[in-house]
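All remarks here apply to the structure that follows.
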Amino acid sequence: MLPLRPADTLTLVHQDDRLLVADKPAGLLCVPGRGPAGADNLAARVQVRCPDALVVHRLDMATSGLVLFGRGAATQRALSIAFAERQMDKRYEAVVAGLLADEAGEVDLPLGPDWPNRPRQQVDRAAGKPSVTRWQVLARDAAAGSTRLALQPLTGRTHQLRLHLAAIGHPILGDALYATPAALAAAPRLLLHACRLAWQDTHGDHAFHSPAPF
């Protein structure tokens with residue numbers, strides 16, 4: 001994982017009196033973690049500027065991109081309900097190992113915790129929760145043997161994108177949990193970025209974008 005630079009303090013994509021959208025760097029926790037190292041996290045950085053900002057959803061520590069905050073408990077609750085009811089359009093960009101033959105597709109594999117190997121998850125056809133990911137090819141790099149994908153998770157399971165892609169034989173480069181040794185060594189960080197977040201509510205249409213930094 002690349003170390004965070006001093007300049008990587010806080011990048012805000014949007015801020016108003018109801019909500020805030022931050023662009024999280026890879027390697028930073030979304031919320032407080034264990035021990036002294038967990039004290040530095042995106043929520044803490046945001047709350048220095050906006051003490052009433054409450055995180056609505058989370059990204060893995062290794063994933064970069066857009067994270068939504070509600071200003072106050074009522075707004076956070078409303079936005080959290082919208083996430084739970086799948087009213088949010090979430091899009092990601094990733095670079096994966098191998099050259100996918102098709103231009104687009106869908107992964108429909110149930111996922112659940114791999115208890116002996118936490119925090120890993122696993123495909124669990126017996127007891128896993130339904131999990132669906134749509135993908136589309138953005139570009140292929142034949143020389144590097146990799147493919148850049150646009151990803152749309154239709155469900156929100158832990159490590160869903162990472163595990164779904166690994167399960168179809170195309171792990172995300174730099175993935176310390178699910179990649180092959182060669183795919184892990186191919187990138188200095190997990191090449192997964194939350195690039196778009198959009199929804200509609202009584203306050204209008206909302207759409208935010210962050211280009212992938214890789």
- Arg58 atom CZ, neighbour heavy-atom count above 12 within 6.0 Å: no
- Query: Hey, quick one: are Tyr92 and Ile168 part of the same hydrophobic cluster, counting side-chain heavy atoms closer than 4.5 Å, chains of contacts allowed?
  - Reply: yes
- Task: Drop me the distance from Glu93's CD to Leu191's CG, to the nearest 0.5 angstrom.
- Result: 10.0 Å
- Would you say Leu29 and Leu54 are hydrophobically clustered, going by side-chain heavy atoms of ILVMFWY under 4.5 Å? no
- Query: Nearest heavy-atom pair of Ala94 and Leu192: which atoms, and what distance?
  - Reply: CB-CD1, 3.9 Å
- Would you kindly confirm whether Val107 and Leu161 end up in one hydrophobic cluster when ILVMFWY residues are joined by side chain heavy atoms under 4.5 Å apart? yes
- Between the side chains of Ser64 and Arg189, is a donor N or O closer than 3.5 angstrom to an acceptor N or O? yes
- Counting only N and O atoms by type, is there a donor-acceptor contact under 3.5 Å from the side chain of Ser80 to the main-chain atoms of Gln76? yes
- Message: For a quick test of reading the model, state the closest non-hydrogen atom pair linking Leu20 to Cys50 and the distance between them.
- Response: CD1-SG, 3.7 Å
- Query: Is Arg71 paired with Asp16 through a side-chain N to carboxylate O contact shorter than 4.0 Å?
  - Reply: no
- Query: Does Leu190 share a hydrophobic cluster with Phe214, counting links as ILVMFWY side-chain heavy atoms below 4.5 Å and allowing steps through other members?
  - Reply: yes
- Message: Classify the ring geometry of His57 against Phe83: parallel below 30°, tilted from 30° to 60°, perpendicular beyond 60°.
- Response: parallel
- Tell me, with the steps shown, if Leu100 and His170 meet side-chain contact (heavy atoms from CB on, under 4.5 Å). CA-CA 8 Å; Leu100 280 81; His170 297 282; 3.7 Å; yes
- Item | Residue pair Thr75 / Phe69, side-chain heavy-atom distance below 4.5 Å | no
- Query: Heavy atoms, side chains only, cut-off 4.5 Å: are Gln200 and His206 in contact?
  - Reply: no
- With the side chain counted from C-beta on, respond yes when Leu68 and Leu197 share a heavy-atom pair under 4.5 Å apart, and no when they do not. yes
- Query: Step by step, would you call Ser210 with Arg196 a side-chain hydrogen bond (donor to acceptor under 3.5 Å, both in side chains)?
  - Reply: CA-CA 6 Å; Ser210 168; Arg196 175 178 165 82; over 6 Å; no
- Is there side-chain contact between Leu111 and His164, with heavy atoms separated by less than 4.5 Å? yes
- Would you mind reporting whether Leu12 and Val21 have side-chain heavy atoms less than 4.5 Å apart? no
- Taking side chain as C-beta onward, heavy atoms only, is Arg91 less than 4.5 Å from Leu151? no
- Under 3.5 Å side-chain donor-acceptor pair for Thr133 and Gln160: yes
- Rounded distance (nearest 0.5 Å) linking atom CG of Leu59 with atom NZ of Lys90: 9.5 Å
- Message: Rounded to the nearest 0.5 Å, what separates atom CG in Leu163 from atom CZ in Arg120?
- Response: 7.5 Å
- Task: Please report the shortest heavy-atom distance between Leu184 and Ala179, naming the atom on each side.
- Result: N-CB, 3.7 Å
- Query: Just how far is it from atom CG of Asp108 to atom OG of Ser131, taken to the nearest 0.5 Å?
  - Reply: 8.0 Å
- Task: Ignoring hydrogens and angles, tell me if any N or O in the side chain of Gln122 forms a donor-acceptor pair with the backbone of Pro113 under 3.5 Å.
- Result: yes
- Would Gln121 and Asp114 satisfy side-chain hydrogen bond (donor to acceptor under 3.5 Å, both in side chains), going step by step from the backbone distance to the final call? CA-CA 5 Å; Gln121 306 291 299; Asp114 183 358; over 6 Å; no
- Task: Compare every heavy atom of Ala183 with every heavy atom of Ala97, then report the nearest pair and how far apart it is.
- Result: CB-CB, 4.1 Å
- Item | Asp141/Arg148 salt bridge by N-O under 4.0 Å criterion | no
- Message: For Val67 and Val55: C-alpha separation, side-chain torsions, deciding distance, then whether side-chain contact (heavy atoms from CB on, under 4.5 Å) applies.
- Response: CA-CA 8 Å; Val67 178; Val55 67; 4.0 Å; yes
- Do Leu177 and Arg162 have side chains that get closer than 4.5 Å, going by heavy atoms? yes
- Message: Please determine whether residues Val56 and Leu28 belong to a single hydrophobic cluster, defined as Ile, Leu, Val, Met, Phe, Trp and Tyr linked transitively by side-chain heavy-atom distances below 4.5 Å.
- Response: no
- Ring-ring centroid check His159 Tyr178, cutoff 6.0 Å: yes
- Do the non-hydrogen side-chain atoms of Val96 and Pro171 ever get within less than 4.5 Å of each other? no
- Distance col, row Ile81:CD1 vs Asp201:CG, nearest 0.5 angstrom, shows 12.0 Å
- Message: Between Asn41 (side chain only) and Ala43 (backbone N and O only), is there a donor and an acceptor less than 3.5 Å apart?
- Response: yes
- Is it true that atom CZ of Arg34 has more than 12 heavy atoms of other residues, nucleotides or ligands lying nearer than 6.0 Å? no
- Message: As an exercise, state the distance from CZ of Phe208 to CG of Asp23, rounded to the nearest 0.5 Å.
- Response: 12.5 Å
- How close do Pro211 and His193 get, heavy atom to heavy atom, and via which atoms? O-NE2, 3.3 Å
- Task: Inspect the contact between Asp124 and Lys129 and indicate whether a charged nitrogen and a carboxylate oxygen are less than 4.0 angstrom apart.
- Result: no
- Task: Give the minimum heavy-atom separation between Gly98 and Thr147, together with the two atoms involved.
- Result: O-OG1, 2.7 Å
